[in-house]
Amino acid sequence: MPELPEVETTVRGIKSIESSVIERIDVFNPNLRWPISNDLSFFLDNKKILSVYRRAKYIIIKCSNAHLVIHLGMTGKLVFAKPKDTLKKHDHMQIKFANSDQVIRYNDPRRFGSAHLVKNKLEDFRLLSNLGIEPLAEEFDGNFLFTKARNRNVPIKAFIMNHHIVVGVGNIYASEALFLSGVRPSIPARRVTRKKMEVLVKNIKYVLSIAIEKGGSTISDFMNTKGEQGYFQIDHQVYNREGQPCNQCGAKIKKIIIGQRSSFFCSSCQC
DNA sequence: AACAAGACCTGTAAGC
DNA sequence: TGCTTACAGGTCTTGT
């Protein structure tokens with residue numbers, strides 16, 4: 001469950017582990033995108049969790065002596081369970097908390113996710129050090145995006161999904177934000193006007209915020225595992241609606257491939 | 001520096 | 001029913 005709102009929902013869902021002590025970490029299957037470090041347990045057992053937060057789509061668990069950084073990839077999930085619950089297929093690791101019969105398990109069928117032990121400065125960690133701005137930050141505005149887009153010929157959709165520019169805009173919300181902005185996903189980034197960039201930024205913030213709100217509404221169910229519920233509540237205007245009528249004008253939604261990713265748009269509303 | 005394409009995996013649904 | 005194929009929410013790495 002990977003787009004930014006789902007990651008944010010996950011972070012909020014596990015926020016309660018802050019100030020808990022990790023009793024032990026068990027790695028059942030280290031094979032993720034990168035192998036899980038085998039000294040995770042050595043460094044983090046009996047350490048206190050100071051805070052849990054998100055940067056881009058990374059979940060950061062700050063412990064007293066190091067950071068545990070988790071990415072959910074395409075299909076990763078963090079779910080609460082009881083220690084005696086039987087392991088599920090694709091459970092890769094488990095964090096057990098002291099004085100509690102609660103564990104968090106990381107499950108990831110496609111293994112595009114990862115988990116890292118960061119012992120040194122977090123800012124220097126190679127996967128975090130070159131990231132762009134947070135989409136919900138105030139400094140992310142029309143001027144910022146317009147300026148960054150000078151001399152950039154990539155399609156605007158690929159541009160807003162480039163996390164060296166802005167992080168956390170995934171394939172679904174890129175299509176949705178472009179539709180709401182009346183901007184065709186295939187046009188070169190440099191050709192989007194300043195005014196359109198302002199609208200686009202507002203809509204990126206809008207779709208992500210709404211999705212976080214909706215995901216947030218299922219947080220109480222989160223511990224019961226139904227993590228994906230929030231995701232499917234969201235009404236998509238264009239995503240995955242090829243051939244169906246546009247909700248604004250009735251024209252058929254089209255699908256094209258941009259940067260090897262499916263992209264959906266209305267050729268009448270978006271130019 | 002910028003961009004395109006390849007790579008990593010399994011599960012599911014559609015097509016034959 | 002069973003086999004084959006296409007495709008899926010991400011992003012790092014390699015090659016032009």
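Just so it is clear, the model here is predicted, and its values are computed rather than measured. Every chain is numbered from 1, with letters handed out A, B, ... down the list of sequences.
Regarding A/E6, its CD atom lies at a distance of 17 Å from the P atom of C/dA8, rounded to whole Å. Rounded to an integer number of Å, the gap from A/N29 CG to B/dC9 C1' is 12 Å. Rounded to an integer number of Å, the gap from CD1 of A/I172 to C1' of C/dC7 is 14 Å. Summarising the geometry, the separation between CG on A/D108 and P on B/dT10 is reported as 11 Å, rounded to the nearest angstrom. At whole-Å resolution of the value, CG in A/N240 and P in B/dT12 are 17 Å apart. Between the C1' atom of C/dA8 and the NE2 atom of A/H236 lies a distance of 13 Å, rounded to the nearest Å. Between A/R110 atom CZ and C/dG10 atom C1' there is a gap of 9 Å when expressed in whole angstrom units. To the nearest angstrom, P of B/dA14 lies 14 Å from CD of A/E242.
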Polar-atom pairs under 3.5 Å, protein N or O versus N or O of nucleotides 2-5 of chain B: list them with distances, or write none.
| unit_1 | atom_1 | unit_2 | atom_2 | d |
| --- | --- | --- | --- | --- |
| B/dC3 | OP1 | A/N153 | N | 2.5 |
| B/dC3 | OP1 | A/V154 | N | 3.2 |
| B/dC3 | OP2 | A/R152 | NE | 2.5 |
| B/dC3 | OP2 | A/R152 | NH2 | 2.9 |
| B/dA5 | N7 | A/Q260 | OE1 | 3.4 |

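Considering only side-chain N and O atoms, A/H90 lies under 4.0 angstrom from the phosphate OP1 or OP2 of B/dG11. The phosphate of C/dC12 (OP1 or OP2) has a side-chain N or O of A/H163 nearer than 4.0 angstrom. Applying the 4.0 Å criterion to OP1 and OP2 of B/dC9, one finds that A/T75 has every side-chain N and O outside that range. OP1 and OP2 of C/dG10 both lie 4.0 Å or more from every side-chain N or O belonging to A/Y58. Residue A/K89 has a polar side-chain atom (N or O) positioned under 4.0 Å from OP1 or OP2 of B/dG11.
Atom CD of residue A/E176 and atom CD of residue A/E3 lie 9.5 Å apart, to the nearest 0.5 angstrom.
Atom NZ of A/K47 is surrounded by more than 12 heavy atoms from other residues, nucleotides or ligands within 6.0 Å.
Using Watson-Crick or G-U wobble geometry with both donor-acceptor distances under 3.5 Å, B/dA4 finds its partner in C/dT14.
The residue A/R126 sits close only to the backbone: its heavy atoms come under 4.0 Å of sugar-phosphate atoms, none of a base. Here A/R33 lies in heavy-atom contact (under 4.0 Å) with a base.
The closest side-chain donor-acceptor pair between A/S129 and A/D124, if any, does not fall under 3.5 angstrom. If you check the side chains of A/N171 and A/K157, you find a donor sitting under 3.5 Å from an acceptor.
A salt bridge is defined here as a Lys NZ or Arg NE, NH1 or NH2 lying under 4.0 Å from an Asp or Glu carboxylate O, and A/R55 with A/E134 meets this definition.
Separating the P atom of C/dT14 from that of B/dC9 is a span of 15 Å, rounded to the nearest Å.
Taking the 5.5 Å centre cut-off and the 30° plane limit, the aromatic side chain of A/F112 is not classed as stacked on C/dT11.
A/Y58 does not carry A/R54 over the face of its six-membered ring by the limits of under 6.0 Å from the centre and within 45° of the normal.
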**OP:** Could you give me the CA-CA distance, side-chain angles and deciding distance for A/E198 and A/R194, then say whether salt bridge (charged side-chain N to carboxylate O under 4.0 Å, His left out) is met?
**Re:** CA-CA 6 Å; A/E198 271 165 26; A/R194 183 181 286 273; 5.5 Å; no
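Evaluated for a side-chain contact (heavy atoms from CB on, under 4.5 Å) with A/I61, the options A/I22, A/L50, A/L68 yield exactly one hit, A/L68.
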